[in-house]
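Quick notes on the structure that follows.
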2 protein chains.
Amino acid sequence: MTTEPLSRARIVTAAIDLIEREGADAVSMRRIAAELGVGVMSLYNHVPNKDALLNGVAEAVLSEIEFTDDPDDDWTDRVRTQARAFRQIAHHYPRCTMLVVSRQLSSAAGLLPVERALATLRSAGFDGPDAVRMVRLFIAFIVGSLLREVGVTPTFAPVHHRHLAGAEAVDPALFPEVSALAPLLGACDHDAEFEFGVELLIQAITVLHARKEGTH
Amino acid sequence: MTTEPLSRARIVTAAIDLIEREGADAVSMRRIAAELGVGVMSLYNHVPNKDALLNGVAEAVLSEIEFTDDPDDDWTDRVRTQARAFRQIAHHYPRCTMLVVSRQLSSAAGLLPVERALATLRSAGFDGPDAVRMVRLFIAFIVGSLLREVGVTPTFAPVHHRHLAGAEAVDPALFPEVSALAPLLGACDHDAEFEFGVELLIQAITVLHARKEGTH
DNA sequence: GGCTGGCACGTACACCGTACGTACGTCAAT
DNA sequence: ATTGACGTACGTACGGTGTACGTGCCAGCC
């Protein structure tokens, strides 16, 4: 039983495990210490405070994104691949996702995805300002999508599990469209929605690309 | 001094005020009670618990969105107007925004925007499934944008305030694009970014619209 | 008058983050 | 070999948190 020597990394992964197992609310310094079988205050030898620990969690999750896009591919394929890679975190660490997107990390951990995206767009012929705009647009879309997938933003199932009677209490004639489309709103194929969004964005920036080419 | 009679509404608005004044971390039942000049436990006569109170805050903020789009306008103009209306909450209640988007409300409070959006898209000729997809796409984009504006998602200023020396410590040759575009990443015109995104989305779904028309 | 129900409130408990002090190991210089 | 400095583990304690529970007040009704 040679307990290996407690480190920032061990603490962070313990926190991630705990979050995935019991949710972000279960995280407390005492709880993590117990999980690791150490005293509470020992943690503070490796992490300045809880906030920094949570930042560490966010960075760790973010830095696990694996970019596998092939530089020889078409730039649209590379964008697709990168977007999907980013989305993977929502599948690997669903309960951590909220934490990742809700914490502004000043560190460089989140910079790799941006670097990759910018490089791809620049190589596709976009100028600097346009590339930055695109990246911001994609990030906004991806972040918003992940929040929906993780369940914090609603899919807009209108109360949804009230399938007792056919009619819902919430949407009478006040919300005609919502109630008419309730079945569609209730079911959400996250994969399909995400792919739809990505394709639409790619298609949109493609025509923008073509238009610029024609103009210049 | 006829202190009016404590109510869920008074508690919620007190919470909103407090959040806007001192941030979400300042919220505690004791603090809100003090703010209202009442005992802590009195709050529980009107609100089941803190979580429900925060949901109340989210609902209240969300329900203050004012939709001013004219049904006679072009559907693209109505979409623009609705998107901007939604974004207004980030300006009226910047510190509450995170709370609004991060809390899944099962209530009907968030349903009005969806109803309006669906109605607009349906009247533009989209069928049910497409309309739902569009709404989800727009919401993802808007939510992601608001998170950036509110400062939780970074604008990707690379350390940004290290304008001491010209070069940054974080981006050597490892992040060539990021460092090359640092000035652009550092500055973010939220209005312009948002409008750009909205226009791009509208343009994209317009061509999708036209394509369907041609096909059917 | 007496009863009932809602509301305001105090107390108490379990838990939280963390400042501070302490004890113990290992290494360096004496 | 002794001493000292230093990094790490950890216990205690303080001020804060959400809220279960009990108590007292007062209005409305029989």
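Chain A is the first sequence line, chain B the second, and so forth, proteins listed ahead of strands; every chain is numbered from 1.
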Holding to ring pair (Phe, Tyr, Trp, His ring centres under 6.0 Å), I want the full list of residues that pass it with [X], two or more places apart in sequence or in another chain.
X: B:Phe138; result: none
X: B:Phe126; result: B:Trp75, B:His209
X: A:Phe86; result: none

Measure from [atom1] on [X] to [atom2] on [N] and round the result to the nearest Å.
X: B:Asn45; N: C:dG10; atom1: CG; atom2: C1'; result: 13 Å
X: B:Arg31; N: D:dG15; atom1: CZ; atom2: P; result: 19 Å
X: A:Ile32; N: C:dC15; atom1: CD1; atom2: P; result: 17 Å
X: B:Leu43; N: C:dG10; atom1: CG; atom2: C1'; result: 14 Å

Under 3.5 Å donor-acceptor, A:Arg136 side chain and B:Leu185 backbone: yes
Let me confirm one number: the CD1-CG distance from A:Ile139 to B:Leu147, rounded to the nearest 0.5 Å. 12.0 Å
Check each residue of residues 15-26 of chain B for a non-hydrogen atom within less than 4.0 Å of any atom in DNA chain C, then write out the ones that pass by number, or none. none
To the nearest 10 degrees, the angle between the two end axes of the helix from C:dG1-D:dC30 to C:dT30-D:dA1 (five pairs per end) comes to 20°
[X]: side chain to side chain donor-acceptor pair (under 3.5 Å) partners, not counting sequence neighbours:
X: A:Asp17; value: none
X: A:Arg78; value: A:Asp69
X: A:Thr120; value: A:Gln82

Is there a side-chain contact between B:Ser42 and the phosphate of C:dC7, meaning an N or O under 4.0 Å from OP1 or OP2? no
Quick one: is C:dA8 close enough that its OP1 or OP2 comes under 4.0 Å of any side-chain N or O from B:His46? yes
What residues form a side chain to side chain contact (heavy atoms under 4.5 Å, CB included) with A:Ala9, not counting sequence neighbours? A:Ser7
Residues passing the side chain to side chain contact (heavy atoms under 4.5 Å, CB included) test with A:His92, sequence neighbours excluded, are A:Gln88
Side-chain donor-acceptor pairs of residues 35-45 of chain B under 3.5 Å, sequence neighbours excluded:
unit_1	atom_1	unit_2	atom_2	d
B:Glu35	OE2	B:Arg21	NH1	3.0
B:Glu35	OE2	B:Arg21	NH2	2.7
B:Ser42	OG	B:Gly39	O	3.4

If you restrict it to nitrogen or oxygen atoms, what contacts under 3.5 Å exist between nucleotides 18-22 of chain C and the protein, and what is each distance?
unit_1	atom_1	unit_2	atom_2	d
C:dT18	OP2	A:Tyr44	OH	3.0
C:dT18	OP2	A:Lys50	N	2.9
C:dT18	O4	A:Arg30	NH2	3.4

